[in-house]
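Reminder, nothing fancy here: chain letters follow the sequence lines and each chain counts from 1.
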Amino acid sequence: KAGVTQTPRYLIKTRGQQVTLSCSPISGHRSVSWYQQTPGQGLQFLFEYFSETQRNKGNFPGRFSGRQFSNSRSEMNVSTLELGDSALYLCASSLGQGDYSGNTIYFGEGSWLTVV
Amino acid sequence: AQSVAQPEDQVNVAEGNPLTVKCTYSVSGNPYLFWYVQYPNRGLQFLLKYITGDNLVKGSYGFEAEFNKSQTSFHLKKPSALVSDSALYFCAVREGGGGATNKLIFGTGTLLAVQP
């Protein structure tokens, strides 16, 4: 069974550009979340989607956006890139949401974004 | 607000010795706790989780964790460390217990260094 797949793995962008990152969750998983990891701030929650709806959002500026498609795949977009957006962006998937079964949350390998 | 603390930035242990990576949490309601491991330039790998039930949770690669409600701790342990266990370890709590979100709140991470 394939894990969480993120593309691209590495990319370099210039300040002011925009970037789109893609995430394919584990087959059958309907919940997708995104995290930003930096040496200074650690792991920070960006947003969470379930059934194509954003269910939760972290404390990031509006330049950060995302969406989820009907097949549960998700994309996140960062517009007007800044140097501080350089980070590892991690996608996580889980079977469901709003349940109390304690679904395991699995992470992908991440997308390394460098802004120059 | 829910939070997780990993009081040690780095833990050093000799190969073959037992290891402990500490984690304490602060939550309202029942905690849903997780441990993940991150190898260099990789994503997060799930090790184990505590939802309810036995206080000793067994996970992947010989790791286990002990949930202690009175001390609000969830320490990660392994009876005999391997050099290959050297990595960054993250403790996390799911916000709101097991409710309507899969958002994880992470600790700052502990670097485990196992010397041969």
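- For a residue to count as touching a neighbouring chain, one of its non-hydrogen atoms must lie under 4.5 Å from one of that chain's; by this rule Y36(B) touches chain A with the side chain only.
- Of all heavy-atom pairs between E48(A) and N102(B), the closest is OE2-N, 2.7 Å.
- Closest non-hydrogen pair, F34(B) versus T104(A), comes out as CE2-CA, 4.4 Å.
- Interface residue L90(A): only side-chain heavy atoms are found under 4.5 Å from chain B.
- In this structure, chain B has a heavy atom under 4.5 Å from the side chain of Y35(A), while its backbone stays farther away.
- Note that CD of Q44(A) and CZ of F106(B) are 11.5 Å apart. Values are rounded to the nearest 0.5 Å.
- At least one donor-acceptor pair under 3.5 Å links the side chain of E109(A) to the backbone N or O of G43(B).
- Near-neighbour residues of residues 69-80 of chain B relative to chain A, defined by a heavy atom under 4.5 Å from a heavy atom of that chain, are none.
- Considering only heavy-atom pairs separated by less than 4.5 Å from chain A, the leading option among I105(B), L104(B), N41(B) is L104(B).
- Of all heavy-atom pairs between L88(A) and Q38(B), the closest is CD2-NE2, 3.7 Å.
- Neither the backbone nor the side chain of Q6(A) has a heavy atom closer than 4.5 Å to any heavy atom of chain B.
- Contact of Q45(B) with chain A is not made at all, since no heavy-atom distance falls under 4.5 Å.
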